[in-house]
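Computed from a prediction, not measured in an experiment: that's the story for all the values here. Naming: A, B, ... by sequence-line order, numbering from 1 per chain.
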Number of protein chains: 2
Amino acid sequence: MPQRPSPHQYQTARPARSHTSRVVDDLGLKIVSGAQQQGSLLPGDGELIERYGVSRTVLREALKTLSAKGLLQAKARIGTRVRPRADWNLFDPDVLVWHARIGFAPEFLKHLGEMRMALEPEAAALAASRRTPGQLQGLEDWAGRMDNPDIGQQDFVDADLGLHLAVAEAANNPFFLSISTLIEVALVAMLTASSPVESAARLKASVAQHRAIVDAIAARDPDAARKAMQAVVQTGIDGAR
Amino acid sequence: MPQRPSPHQYQTARPARSHTSRVVDDLGLKIVSGAQQQGSLLPGDGELIERYGVSRTVLREALKTLSAKGLLQAKARIGTRVRPRADWNLFDPDVLVWHARIGFAPEFLKHLGEMRMALEPEAAALAASRRTPGQLQGLEDWAGRMDNPDIGQQDFVDADLGLHLAVAEAANNPFFLSISTLIEVALVAMLTASSPVESAARLKASVAQHRAIVDAIAARDPDAARKAMQAVVQTGIDGAR
DNA sequence: GTCAATAATAAGTCATACTTTTTATTGACT
DNA sequence: AGTCAATAAAAAGTATGACTTATTATTGAC
């Protein structure tokens with residue numbers, strides 16, 4: 001049973017409101033949600049052109065975009081099929097946001113948590129050995145923002161997210177940059193799934209956990225950084241139940 | 001100094017030799033290789049249409065595909081720019097294969113190794129707790145194939161790759177399926193970078209290491225599986241140095 | 001019953017004209 | 001001189017219609 005979608009505004013939310021992106025968005029959402037099933041054949045151009053009230057040009061460019069993300073495959077004489085989920089590029093920011101928009105099924109939440117547990121602790125460990133002085137300063141700043149006692153709910157989430165993204169960046173490995181949207185979606189998903197109003201005690205504990213990550217990175221201690229991040233991610237997973 | 005590209009045939013190698021895919025391929029390679037620099041403006045349609053000898057339709061669909069992968073961004077009145085590498089979807093199979101085709105810079109090899117080290121041990125740990133009987137059988141089969149004393153070079157690589165992909169699949173988490181191409185590219189990269197003819201002793205050691213992974217997964221021992229996979233990946237990284 | 005010619009279908013391509021968005025320029029007005 | 005709004009220009013975006021190619025199913029000869 002999917003949780004309700006969160007009101008969070010994802011970075012990926014494109015202001016590009018062209019006809020093409022409207023069609024991409026709607027079809028992408030239909031596919032990810034299962035309204036257009038895996039392996040199924042899309043309606044022919046004629047029907048889709050009529051459904052969306054666009055030209056063949058727009059429709060084809062939209063299908064090209066979805067094909068590029070692994071969601072569709074066109075074959076002559078057959079038509080355009082929805083590819084099996086195993087072929088989707090789940091790390092694609094759009095695909096991730098579509099998953100977020102349909103609400104988070106517990107199963108999906110679990111899978112997201114497992115990815116965070118694989119990636120973020122390693123990112124923290126790498127950051128500990130490779131962070132630049134400037135990156136460390138950025139991390140300290142984010143930790144400082146979280147530590148503000150009368151911080152609002154939204155600002156806390158932003159600071160939390162900012163810190164995690166800063167860790168990923170400080171790993172100085174471009175692959176960890178590519179998972180920024182995954183971190184964003186996963187973190188927001190877990191915070192959304194947990195109680196909307198966290199107790200002051202829990203907030204304080206969270207701040208301390210995050211501070212431990214930054215301290216370990218400051219001390220250039222990869223193992224401590226990894227452990228500290230594992231604790232944070234585990235807390236997030238537990239909170240989301 | 002990039003290593004030479006390997007002769008390996010990647011799964012992603014599309015037989016789709018349409019005009020569009022030719023343009024996508026060529027431009028994608030130019031961008032990834034840096035021949036078309038990050039942040040730079042692409043030539044106007046007129047010039048690209050002439051360069052590739054295609055229609056505007058084909059050119060636009062190619063640009064849409066590259067935009068979908070995060071490589072390009074179009075803005076009215078400005079033109080189409082190559083986005084900074086931080087925005088590329090490095091997990092996209094095509095983007096990965098383009099990286100492979102230009103040869104592996106030591107830096108890129110290091111980053112790939114770090115990703116493997118983050119992902120594969122966790123996949124092995126998850127597989128240990130979640131693998132189905134059928135998946136276990138598949139793993140045993142791959143290990144058996146590697147163990148053949150008079151196996152050829154190519155068949156050994158195939159079995160090696162097959163086993164790693166089977167572990168990722170047995171994690172029963174769709175995100176780990178999405179990194180199949182990453183595993184493939186990284187593994188081939190490391191085998192390519194290491195000595196082309198491995199000694200019999202090293203091959204035997206490799207077989208034993210892989211067997212340990214399968215045994216741990218069979219025994220439903222996540223920690224042992226994680227450790228065994230870490231050893232394998234570390235060996236690959238060391239060999240590539 | 002096999003196999004090759006062929007018909008049918010949907011994707012792919014081309015050419016052209018037009019619309020919208022965004023930025024730079026121009027020129028009036030304070 | 002400096003501000004600001006009207007306007008021009010450039011490039012992306014959209015629309016339309018006709019045509020080509022690839023692939024599969026059908027047909028018919030052997």
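- When the shell of 6.0 Å around CZ of A:R130 is examined, it contains more than 12 heavy atoms from other residues, nucleotides or ligands.
- Atom pair A:L72:CG and C:dA10:P shows a separation of 17 Å (rounding to whole Å applied).
- Two residues are said to be in side-chain contact when any heavy atoms from C-beta on lie closer than 4.5 Å; B:L96 and B:L90 fail this criterion.
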Interface polar pairs with nucleotides 4-6 of chain C, N/O, under 3.5 angstrom:
none

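- A donor and an acceptor atom, one from each side chain of B:H164 and B:E184, are nowhere located under 3.5 Å apart.
- Taking both residues in full, the closest heavy atoms of B:R116 and B:A186 are given as CD-CB, 3.5 Å, listed atom of the first, atom of the second, then distance.
- Each of A:Q73, A:Q37, A:Q36 was scored for a side-chain contact (heavy atoms from CB on, under 4.5 Å) with A:V82, with one residue passing: A:Q36.
- Rounded to whole angstrom, the span from the CG atom of A:D45 across to the P atom of D:dA18 amounts to 16 Å.
- When all heavy atoms of B:F176 and B:A171 are compared, the pair lying nearest together is CD1-CB, 4.1 Å.
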Pairing string, 5' to 3', for DNA chain D - Watson-Crick or wobble contacts under 3.5 Å, brackets [ ] where pairs cross, | to another strand: ||||||||||||||||||||||||||||||
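- Taking atom CG on A:L42 and atom C1' on C:dA11, their separation rounds to 13 Å, with Å as the unit.
- Legend: ring-ring contact (aromatic ring centres under 6.0 Å, His included) pairs involving residues 58-96 of chain B, not counting sequence neighbours, sorted by first then second residue: A:F91-B:F91, A:F175-B:F91.
- The shortest distance between the side-chain N/O atoms of A:T20 and the OP1/OP2 oxygens of D:dT14 is below 4.0 Å.
- Between A:Q38 and A:R85, the shortest heavy-atom contact is OE1-N, 2.8 Å.
- Of all the heavy atoms in A:S33 and A:I102, the pair that sits closest is CB-CG2, 3.6 Å.
- Considering all non-hydrogen atoms of both residues, B:E122 and B:A118 come closest at CG-O, 3.9 Å.
- Within residues 73-82 of chain B, the residues that have a heavy atom under 4.0 Å from DNA chain C are, in order of number, B:K75, B:A76, B:R77, B:I78.
- Heavy-atom neighbours of A:K75 NZ from other residues, nucleotides or ligands within 6.0 Å: at or below the threshold of 12.
- Within the 4.0 Å cut-off from OP1 or OP2 of C:dC14, at least one side-chain nitrogen or oxygen of B:H19 is found.
- Atom-to-atom, CD of A:E47 to C1' of C:dA10 comes out at 15 Å; the value is rounded to the nearest Å.
- With sequence neighbours excluded, no residue satisfies salt bridge (Lys or Arg N to Asp or Glu O under 4.0 Å) with B:R77.
- What separates CG of A:L63 from P of C:dA11 is a distance of 8 Å, to the nearest Å.
- For the pair B:K64 NZ and C:dG12 P, the interatomic distance rounds to 17 Å; values are reported in whole Å.
- Contacts between residues 53-62 of chain A and DNA chain C, defined by a heavy-atom separation under 4.0 Å, are made by A:R56, A:R60.
- Considering every non-hydrogen atom in both B:A166 and B:W142, the closest pair reads CB-CD1, 3.8 Å.
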